[in-house]
**Q** 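Got a structure for you, written out below as structure tokens; questions coming shortly.
Hydrogens, waters and symmetry mates play no part in the numbers below; they use all other heavy atoms, side chains included. Note that this is a predicted model, so its numbers are computed, not measured.
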Amino acid sequence: MDLLKERIMQDGKCYPGGILKVDSFINHQMDPNLMMDLAKEFVRLFKHLPINKIITIEASGIAPAILVGYLMQLPVVFIKKKRPKTMDNMLTSVVHSFTKDRDYTVCISNNFLTPDDHVLFIDDFLANGNASKGVIDLCKQAGSTIEAMGFIIEKAFQNGGNFLRSEGIKYEALATVESLDNCTIKLK
């Protein structure tokens with residue numbers, strides 16, 4: 001997606017350790033017009049699949065997931081990173097955050113993730129695939145089917161894409177970063 005690639009090159013910032021910061025337009029301050037364009041592209045890529053629910057994980061996946069849900073007229077459920085006292089029938093999994101270098105016990109109510117669900121997972125980044133692993137675990141626990149996963153940006157130099165392919169999970173990334181060596185952004 002050329003518009004996204006242009007924004008990454010123009011406004012993205014690279015930090016040592018393979019960190020790409022896109023907080024000025026995707027995951028802190030958001031460009032709503034860009035988000036809508038990203039959502040439209042996700043819809044184009046996945047509209048042929050038998051999806052009946054969009055899921056994401058808080059927080060950075062919520063905005064694009066809501067827009068995809070709006071365009072596809074499907075419910076959106078976000079997996080929580082903090083266990084609410086009021087949640088019943090909870091499914092949990094442990095997810096390691098690459099950016100924050102900590103583990104989260106994430107949760108979702110099995111009232112909102114069921115064996116009848118055919119889900120599309122939407123998130124901002126695919127790096128090592130840790131969030132994806134948690135989603136796969138939660139979907140297995142719920143008996144739901146993952147139809148596909150969509151990511152705004154994939155870091156191809158990390159292992160997430162290889163993991164998803166090895167699991168047979170269909171996924172698409174709207175932009176792929178080949179390298180962040182020497183703090184230089186190289187896109188595919």
**Q** Measure the shortest side-chain to side-chain distance between F163 and K133 over non-hydrogen atoms and say whether it is less than 4.5 angstrom.
**A** yes
**Q** Could you check whether any side-chain heavy atom of Y171 comes within less than 4.5 Å of a side-chain heavy atom of F121, counting everything from C-beta outward?
**A**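 Y171 vs F121: side chains apart.
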**Q** Let me confirm one number: the OG-CE distance from S109 to M90, rounded to the nearest 0.5 Å.
**A**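 Spacing of OG (S109) from CE (M90) equals 8.0 Å.
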**Q** Determine yes or no for a side-chain-to-main-chain donor-acceptor pair under 3.5 angstrom, with Q73 supplying the side chain and Y70 the backbone.
**A**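 Yes; at least one donor-acceptor contact below 3.5 Å.
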**Q** Same cluster or not: L67 versus F151, using hydrophobic residues (I, L, V, M, F, W, Y) connected whenever any side-chain heavy atoms lie under 4.5 Å apart?
**A**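 Result: no, two separate clusters.
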**Q** In the single-linkage hydrophobic clustering (I, L, V, M, F, W, Y; side-chain heavy atoms under 4.5 Å), do V77 and I66 co-cluster?
**A**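 Different clusters.
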**Q** For V22 and F125: C-alpha separation, side-chain torsions, deciding distance, then whether side-chain contact (heavy atoms from CB on, under 4.5 Å) applies.
**A** CA-CA 10 Å; V22 290; F125 274 97; 3.7 Å; yes
**Q** For residues P64 and I122, report the shortest heavy-atom separation together with the two atoms involved.
**A** CB-CG2, 4.0 Å
**Q** With hydrophobic residues grouped by side-chain heavy-atom distances under 4.5 Å, do M72 and V76 end up in a single group?
**A** yes
**Q** For H118, what residues pass the side-chain contact (heavy atoms from CB on, under 4.5 Å) criterion, not counting sequence neighbours?
**A** N52, T145, E147
**Q** With side-chain contact (heavy atoms from CB on, under 4.5 Å) as the criterion, how do I136 and I146 come out once you've worked through the C-alpha distance, each side chain's angles and the decisive distance to 0.1 Å?
**A** CA-CA 8 Å; I136 292 166; I146 298 172; 3.7 Å; yes
**Q** Got a second to check how far N110's CG is from L91's CG, nearest 0.5 Å?
**A** 4.5 Å
**Q** Is the shortest side-chain heavy-atom distance between R7 and D2 below 4.5 Å?
**A** no
**Q** How long is the span from the CD1 atom in I55 to the CG atom in L74, to the nearest 0.5 Å?
**A**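 I55 atom CD1 to L74 atom CG measures 12.5 Å (nearest 0.5 Å).
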**Q** Hey, does I8 have a side-chain heavy atom less than 4.5 Å from the side chain of L20?
**A**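 A side-chain contact under 4.5 Å exists here.
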**Q** Can you confirm whether D23 sits close enough to K13 that some side-chain heavy atom of one is under 4.5 Å from a side-chain heavy atom of the other?
**A**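 Contact flag for D23/K13 side chains = no.
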**Q** Taking the side chain as every heavy atom from C-beta outward, state whether L120 and L49 have any pair of such atoms under 4.5 Å apart.
**A**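 Side chain of L120 against side chain of L49, heavy atoms only: no contact under 4.5 Å found.
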**Q** For the atom pair OG1 (T92) and CG (D137), what is the distance rounded to the nearest 0.5 Å?
**A**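 One gets 8.0 Å once the value is rounded to the nearest 0.5 Å.
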**Q** Could R102 and Y104 be counted as a cation-pi pair, given that NZ or CZ must be under 6.0 Å from the ring centre and within 45° of the axis?
**A**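 Yes.
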**Q** Do I153 and I57 belong to the same hydrophobic cluster, where Ile, Leu, Val, Met, Phe, Trp and Tyr are linked whenever their side-chain heavy atoms lie under 4.5 Å apart, directly or via other members?
**A** no
**Q** Please report the closest heavy-atom contact between N27 and S60, naming both atoms and the distance.
**A**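 Here N27 and S60 meet closest at CB-OG, 3.2 Å.
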**Q** Between K53 and D117, what is the shortest heavy-atom contact and its length?
**A**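 Heavy-atom minimum between the residues: NZ-OD2, 3.1 Å.
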**Q** Please report, to 0.1 Å, the donor-acceptor pairs under 3.5 Å made by any side chain of residues 34-47, with sequence neighbours excluded.
**A**
residue: E41; atom: OE1; partner: R44; partner atom: NE; Å: 3.1
residue: E41; atom: OE2; partner: R44; partner atom: NE; Å: 3.4
residue: E41; atom: OE2; partner: R44; partner atom: NH2; Å: 2.7

**Q** Nearest 0.5 Å, please: how far is NZ in K21 from SG in C14?
**A** 12.0 Å
**Q** Does any non-hydrogen side-chain atom of M30 lie less than 4.5 Å from one of F25?
**A** no
**Q** If you look at every heavy atom in V106 and L138, which pair is closest and at what distance?
**A** CG2-CD1, 4.1 Å
**Q** Do S93 and T105 come close enough that some side-chain heavy atom pair is under 4.5 Å?
**A** no
**Q** Quick check: does any side chain N or O of E154 sit under 3.5 Å from a backbone N or O of T176, one acting as donor and the other as acceptor?
**A** no
**Q** When you group the ILVMFWY residues by side-chain heavy-atom contacts below 4.5 Å and let the links chain together, are V68 and I169 in the same group?
**A** no
**Q** Is a donor on one side and an acceptor on the other found under 3.5 Å between the side chain of Q158 and the backbone of A127?
**A** no
**Q** Using the rule given for side-chain contact (heavy atoms from CB on, under 4.5 Å), can you reason through V177 versus F157, listing the C-alpha separation, both sets of side-chain angles and the distance that settles it, and then say yes or no?
**A** CA-CA 8 Å; V177 178; F157 58 91; 3.9 Å; yes
**Q** I need the minimum non-hydrogen distance between H96 and D103, along with the two atoms involved.
**A** ND1-OD1, 2.7 Å
**Q** Other residues, nucleotides and ligands only: do more than 12 of their heavy atoms fall within 6.0 Å of CZ on F112?
**A** no
**Q** Show which side-chain atoms of residues 179-188 pair as donor or acceptor with protein atoms under 3.5 Å away, not counting sequence neighbours.
**A**
residue: S179; atom: OG; partner: D181; partner atom: N; Å: 3.0
residue: S179; atom: OG; partner: D181; partner atom: OD2; Å: 3.3
residue: T184; atom: OG1; partner: N182; partner atom: O; Å: 3.3

**Q** Got a second to check how far E172's CD is from L126's CG, nearest 0.5 Å?
**A** 12.0 Å
**Q** Between I54 and I51, what is the shortest heavy-atom contact and its length?
**A** CD1-CG2, 4.2 Å
